[in-house]
**Q** 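Mind looking over this structure? Questions follow.
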Amino acid sequence: METIERKKVKELLSQKPGQEVLAKGWVRTKRGNKNVAFIALNDGSTINNIQVVADVAKFDEDLLKRITTGACIAVRGNLVESLGSGQAVEIQASSIEIYGEADPNTYPLQKKGHTLEFLRTIAHLRPRTNTFGAVLRIRHAMAFAIHKYFNDKGFVYLHTPIITASDCEGAGDMFQVTTLDMDNPPRLENGQIDYSQDFFGRHTSLTVSGQLEGELGAMALGEIYTFGPTFRAENSNTPRHLAEFWMIEPEMAFYDINDNMTLAEDFIKSLVQYALDNCMDDLKFLNDMFDKELIARLESVVKTEFVRLTYTEGIRILEASGEKFEFPVSWGVDLQSEHERYLVEKHFGRPVIMTDYPKDIKAFYMKQNDDGKTVRGMDVLFPKIGEIIGGSERESSLEKLEARINELGMSHDTLEWYLDTRRFGAAPHSGFGLGFERLLLFVTGMGNIRDVIPFPRTPKNAEF
Ligand code: 4AD
Ligand code: MG
């Protein structure tokens with residue numbers, strides 16, 4: 001037989017009938033009777049399957065038997081108009097080759113729907129489900145849209161390091177990186193571990209944020225963004241926290257907090273619009289399966305102006321709400337997601353950008369307001385998610401920044417290089433960090449952050 005080019009299912013489904021085609025993929029289901037077998041084939045290119053019709057009389061009985069859910073096959077045949085409903089075309093098979101069988105007695109993904117919890121225990125196989133196919137294609141589309149958005153605006157993609165000696169957020173929840181022998185580490189005379197003998201000659205960790213290096217980039221290239229994995233060893237077992245998550249951090253010279261808010265709002269809206277324009281098949285599936293309001297919510301967000309509100313005003317609204325919160329509110333407390341969601345979902349009914357937080361609940365680098373109490377931070381709060389973006393205008397005065405570092409008892413040693421940006425050609429600047437998986441929670445409507453990343457890392461879980 002002469003060879004022909006394999007086409008992806010997505011392409012085949014939009015082609016005209018009446019041509020010989022070659023498709024390859026994994027069997028989702030097989031049904032039929034003694035005359036004909038119907039095989040639903042999926043290759044990951046789309047949520048939709050292509051139907052393969054095999055005339056039982058034309059095929060070896062044993063071969064057909066080995067084609068079960070999960071098996072990988074190559075099908076050659078005629079693309080014909082489909083008589084069944086649900087698809088325009090199907091493949092009338094002339095030959096089928098089995099690449100890999102999947103024993104029906106042990107293959108964990110059977111026809112019946114599985115719970116998301118069960119699928120997490122087989123994270124290596126769950127991309128073969130409709131749900132994870134849809135989520136992972138949307139995840140890809142969003143990553144692409146992020147690069148496109150910043151590239152179109154002239155931002156430079158800056159690769160910031162994953163291993164670092166500084167703690168950007170000052171929260172101390174970092175994963176240590178070391179090659180020292182943990183059973184017998186070298187010690188100083190006072191008994192402390194001697195990190196000068198460690199691989200980097202100092203104490204190092206996985207980064208919680210690329211911001212500090214991002215700021216150096218902005219002070220040279222003007223507008224940069226990072227997009228990479230970040231790590232937090234906070235013991236938060238919630239549907240919104242991962243120990244390893246991806247963050248997008250734009251950093252812009254000459255932006256004040258208002259410019260920063262305007263960019264953040266435009267950025268998120270553009271990403272949601274990109275999903276609506278490019279991922280509708282997958283969104284429709286998720287809308288039907290999990291969240292009947294998903295598409296309506298996405299369409300509404302791109303049209304809605306976000307509320308801009310100070311922390312102090314927010315606290316006033318929460319205090320006046322009469323709502324019974326698990327964590328009581330008063331000026332100075334860090335907002336919990338129940339508070340954020342009250343403001344967004346109940347009080348305003350749209351996304352909120354909250355600014356001017358008490359300095360004691362925010363990181364050292366935020367620009368200090370003249371009141372001596374608050375800093376020019378901003379959080380973007382979203383329905384169902386709570387905080388999706390955290391950012392700020394940065395403190396550009398060396399004097400004020402050093403004073404804050406001292407006040408917090410932070411070490412200067414690991415930050416001297418950062419302070420140089422304030423010593424030499426300091427400029428007003430701002431930036432923010434968007435949690436990629438938090439964005440994906442919103443765009444896919446999934447309820448648990450473990451279900452929007454291929455291989456979640458959470459407390460007590462680093463399998464696969
Ligand atoms: O608010 P965060 O901690 O801000 C920063 O790290 C700044 N350095 C960003 C900047 O200004 N360049 O984190 C930013 C965002 C949060 O709003 C949230 O969306 C996400 O990162 N995030 C997490 N996502 C998943 N799991 C976690 N454990 C997360 N912690 C933060
Ligand atoms: Mg934050």
Side-chain angles (χ1 to χ4, degrees), residues 139 142 146 150 155 158 160 164 166-175 206-218 223-252 255 257 260-261 263-264 267-268 271 311 334-337 339-340 344 351-355 357-358 361-367 375-382 384-395 418 429-443 446 448-453 456-459 461:
R139 188 178 165 106
M142 289 294 91
I146 286 161
F150 286 123
F155 282 53
L158 185 76
T160 52
T164 176
S166 53
D167 180 0
C168 174
E169 292 306 299
D173 44 15
M174 302 181 84
F175 290 101
L206 297 178
T207 193
V208 297
S209 160
Q211 177 193 324
L212 301 186
E213 291 88 354
E215 287 186 50
L216 309 191
E223 292 162 334
I224 65 92
Y225 69 105
T226 73
F227 186 177
T230 49
F231 306 86
R232 298 200 183 176
E234 48 192 344
N235 208 349
S236 314
N237 238 320
T238 80
R240 281 167 293 100
H241 287 88
L242 290 165
E244 177 179 302
F245 64 98
W246 287 65
M247 186 153 52
I248 300 96
E249 296 184 271
E251 190 72 34
M252 299 76 63
Y255 274 50
I257 186 80
N260 205 22
M261 286 193 268
L263 182 73
F267 179 45
I268 296 208
L271 296 178
Y311 169 90
D334 206 353
L335 293 188
Q336 302 294 322
S337 96
H339 308 132
E340 297 169 341
V344 170
V352 170
I353 313 184
M354 187 173 272
T355 57
Y357 285 82
I361 59 170
K362 289 291 180 188
F364 75 97
Y365 50 71
M366 293 193 184
K367 185 174 174 66
V375 287
R376 218 157 279 180
M378 60 169 223
D379 280 3
V380 180
L381 313 177
F382 252 52
K384 300 200 80 174
I385 315 288
E387 179 188 338
I388 195 166
I389 280 180
S392 74
E393 183 167 344
R394 317 305 189 192
E395 182 54 73
Y418 176 70
H429 63 290
S430 299
F432 61 81
L434 168 69
F436 190 44
E437 287 77 18
R438 299 254 174 110
L439 170 78
L440 288 169
L441 279 177
F442 182 73
V443 172
M446 300 301 280
N448 193 310
I449 201 161
R450 291 163 181 77
D451 299 330
V452 295
I453 187 167
R457 295 288 175 261
T458 50
N461 173 38

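When reading the values below, keep in mind they use all heavy atoms of this one structure, side chains included, and skip hydrogens, waters and symmetry mates. Each ligand, and each atom within it, is numbered from 1 in the order the structure gives.
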**Q** Checking the side chain of S430 only, and the main-chain atoms of Y255 only, is there a donor and an acceptor separated by less than 3.5 Å?
**A**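 Confirmed, S430 side chain pairs with Y255 backbone.
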**Q** When you measure from atom 19 (O) of ligand 1 to every protein heavy atom, which one gives the shortest distance, and what is it?
**A**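 Minimum-distance protein heavy atom for atom 19 (O) of ligand 1 reads I388 O, 2.8 Å.
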**Q** Please determine whether any non-hydrogen atom of M378 lies less than 4.0 Å from an atom of ligand 1.
**A**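 The answer is no, since M378 has no heavy atom less than 4.0 Å from ligand 1.
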**Q** Check whether any side-chain heavy atom of Y311 sits under 4.5 Å from a side-chain heavy atom of I361, and report yes or no.
**A**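 Y311 vs I361: side chains touch.
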**Q** Counting distance only, does the side-chain N/O of E340 pair as donor-acceptor with the main-chain N or O of F382 below 3.5 Å?
**A**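 Judged by distance alone, no pair lies under 3.5 Å.
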**Q** State the atoms of ligand 1, each with its element, that fall below the 4.0 Å cut-off from a heavy-atom position in I389.
**A**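 Checking each atom against I389, I get 17 (O).
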**Q** Could you tell me, atom by atom, which parts of ligand 1 come under 4.0 Å of a heavy atom of G390?
**A**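 Answer, ordered by atom number: 1 (O), 9 (C), 10 (C), 11 (O), 17 (O).
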**Q** Drop me the distance from R376's CZ to K362's NZ, to the nearest 0.5 angstrom.
**A**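 R376 atom CZ to K362 atom NZ measures 15.0 Å (nearest 0.5 Å).
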**Q** Parallel under 30°, tilted from 30 to 60°, perpendicular over 60°: which one fits the rings of F432 and F267?
**A**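 Tilted, since the angle between the ring planes falls between 30° and 60°.
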**Q** Do S209 and ligand 1 have an N or O pair less than 3.5 Å apart?
**A**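 Yes, there is a polar N/O contact under 3.5 Å.
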**Q** First locate atom CG of D173, then atom CZ of F231, and finally report the distance between them rounded to the nearest 0.5 Å.
**A**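 One finds 13.0 Å between CG of D173 and CZ of F231.
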**Q** Do any protein N, O or S atoms sit under 2.8 Å from the Mg ion (ligand 2), and which ones are they?
**A**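 Correct list: E387 OE2.
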**Q** Counting both backbone and side chain atoms, is some N or O of F245 under 3.5 Å from an N or O of ligand 1?
**A**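 No.
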**Q** Are Q211 and Y365 close enough that a side-chain donor and a side-chain acceptor fall under 3.5 Å?
**A**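 Checked: Q211/Y365 side chains pair up, N/O donor to acceptor below 3.5 Å.
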**Q** Please work out which of the three classes, parallel, tilted or perpendicular, describes the rings of F155 and F150, given edges at 30° and 60°.
**A**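 Tilted.
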**Q** Do E251 and R394 meet the salt-bridge criterion of a basic N to acidic O distance under 4.0 Å?
**A**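 Yes, this pair counts.
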**Q** Heavy-atom contacts with I449 under 4.0 Å: which atoms of ligand 1 show up? List them by number with element.
**A**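 Once the distances to I449 are compared, the set is 25 (C).
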**Q** Quick one: look up the protein heavy atom nearest atom 20 (C) of ligand 1 and list residue, atom name and how far away it is.
**A**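 Sorting protein heavy atoms by distance from atom 20 (C) of ligand 1 puts G435 CA, 3.6 Å first.
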**Q** Using a strict 4.0 Å cut-off to heavy atoms of E249, name the atoms of ligand 1 that fall inside it.
**A**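 Every atom of ligand 1 under 4.0 Å from some heavy atom of E249: 7 (C), 8 (N), 9 (C), 10 (C), 12 (N).
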**Q** Any atoms of ligand 1 less than 4.0 Å from a non-hydrogen atom of R394? List them with their elements.
**A**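 Counting atoms of ligand 1 from 1, those under 4.0 Å from R394 are 10 (C), 11 (O), 12 (N).
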**Q** Check contact between Y365 and ligand 1, using heavy atoms of the residue and a distance below 4.0 angstrom.
**A**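 It does, in that a heavy atom of Y365 comes within the 4.0 Å cut-off of ligand 1.
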**Q** For ligand 1, does E234 get within less than 4.0 Å through its side chain, its backbone, both, or neither, judged by non-hydrogen atoms?
**A**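 For E234, only side-chain atoms sit under 4.0 Å from ligand 1.
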**Q** Which residue from Q211, R232, E387 reaches closest to atom 6 (O) of ligand 1 through any of its heavy atoms?
**A**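 Nearest option to atom 6 (O) of ligand 1, by heavy atoms: R232.
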**Q** Identify, by atom number and element, the atoms of ligand 1 in contact range of M247, meaning under 4.0 Å from any of its heavy atoms.
**A**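 By the 4.0 Å cutoff, the relevant atoms are 6 (O), 13 (O), 14 (C), 15 (C), 21 (O).
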**Q** Given C168, G391, G433, which has its nearest heavy atom closest to atom 15 (C) of ligand 1?
**A**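 That would be G433.
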**Q** Starting from atom 26 (N) of ligand 1, locate the nearest protein heavy atom and write down its residue, its atom name and how far away it is, to 0.1 Å.
**A**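 Of the protein heavy atoms, L242 N, 2.9 Å lies nearest.
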**Q** Would you mind checking which non-hydrogen protein atom is closest to atom 5 (C) of ligand 1, with the distance to 0.1 Å?
**A**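 In this structure, atom 5 (C) of ligand 1 has E169 OE2, 3.3 Å as its nearest protein heavy atom.
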**Q** Any luck finding a side-chain donor-acceptor pair between T238 and S236 under 3.5 Å?
**A**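 Short answer, no.
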**Q** Check for a donor-acceptor pair, side chain of R438 on one end and backbone N or O of I389 on the other, with a separation under 3.5 Å.
**A**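 Side chain of R438 to backbone of I389: no pair is present.
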**Q** Is the shortest heavy-atom distance from the side chain of I388 to the side chain of L381 under 4.5 Å?
**A**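 No; the side chains remain at least 4.5 Å from each other.
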**Q** Look at the side chain of T230 and the backbone N and O of F245, then say whether any donor-acceptor pair between them is shorter than 3.5 Å.
**A**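 Between the backbone of F245 and the side chain of T230 there is a qualifying donor-acceptor contact (under 3.5 Å).
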**Q** Would you say R139's side chain and V452's backbone share a donor-acceptor pair under 3.5 angstrom?
**A**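 Looks like yes, one N/O pair under 3.5 Å.
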**Q** Number the atoms of ligand 1 from 1 as they appear, then name those within less than 4.0 Å of a heavy atom of R240, with their elements.
**A**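 It comes down to these atoms of ligand 1: 25 (C), 26 (N).
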**Q** Which atom pair, heavy atoms only, marks the closest approach of V380 to A264?
**A**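 Here V380 and A264 meet closest at CG2-CB, 4.3 Å.
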**Q** Which residue holds the protein heavy atom closest to atom 18 (C) of ligand 1, what is that atom called, and what is the gap in Å?
**A**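 Sorting protein heavy atoms by distance from atom 18 (C) of ligand 1 puts R438 NH1, 3.5 Å first.
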